[in-house]
Amino acid sequence: MARQSSVKRALEATGSFASAQKNIVVQFQNKDRNTDELLKQIKEDAILKGVSEADFKKVDVYVKPEEQKVFYVVNDEVNGSIDF
């Protein structure tokens, strides 16, 4: 147990992949889409479909740039799509 605590403290002090700032961009045919933007739009679309902010537990995202669409499923129940 003591070793795990030491490792955790060391990672917090020096950083780790989990705590690193990340920026993911999907590029296709001269279009760039930041994943944070896509997730924001998915959230807004799902809320319009009746999902309350407190009900989000799981979001699966499928980016299909060849169709210019991003498909999503919220909580294995609500599905939809937004434009890429």
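Side chains included, hydrogens not; waters and symmetry mates left out as well; all remaining heavy atoms used.
Looking at Asn34, its side chain never comes within 3.5 Å of a backbone N or O of Val25 through a donor-acceptor pair. Looking at Gln41, its side chain never comes within 3.5 Å of a backbone N or O of Leu38 through a donor-acceptor pair.
Hydrophobic clustering (side-chain heavy atoms under 4.5 Å, transitive across Ile, Leu, Val, Met, Phe, Trp, Tyr) keeps Phe84 apart from Val73. The cluster map of Ile, Leu, Val, Met, Phe, Trp and Tyr, joined by side-chain heavy atoms under 4.5 Å apart, puts Phe71 and Ile82 in different clusters. Residues Val61 and Ile47 share a single hydrophobic cluster, defined by chaining ILVMFWY side chains whose heavy atoms lie under 4.5 Å apart. Residue Ile42 is not grouped with residue Tyr62 when hydrophobic side chains (ILVMFWY) are merged at heavy-atom distances under 4.5 angstrom, including chains of intermediate members.
Pairs engaging residues 19-36 under the salt bridge (charged side-chain N to carboxylate O under 4.0 Å, His left out) rule: Arg33-Glu37 [sequence neighbours left out].
Test Asp60, Asp45, Asn79 against Tyr72 for side chain to side chain contact (heavy atoms under 4.5 Å, CB included) and you get one pass: Asp45.
Taking CD of Glu67 as the start and OG of Ser81 as the end, the distance is 9.5 Å to the nearest 0.5 Å. Between the CG atom in Asp83 and the NZ atom in Lys69 there is a gap of 4.0 Å [rounded to 0.5 Å]. Here Lys58 contributes atom NZ and Glu77 contributes atom CD; the two are 11.0 Å apart, rounded to the nearest 0.5 Å.
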Worksheet item: Can you list the steps and then say if Lys43 with Glu53 is a side-chain contact (heavy atoms from CB on, under 4.5 Å)?
Response: CA-CA 8 Å; Lys43 176 182 167 185; Glu53 180 126 12; 2.8 Å; yes
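Counting non-hydrogen atoms of other residues, nucleotides and ligands closer than 6.0 Å to NZ of Lys40 gives a total of 12 or fewer.
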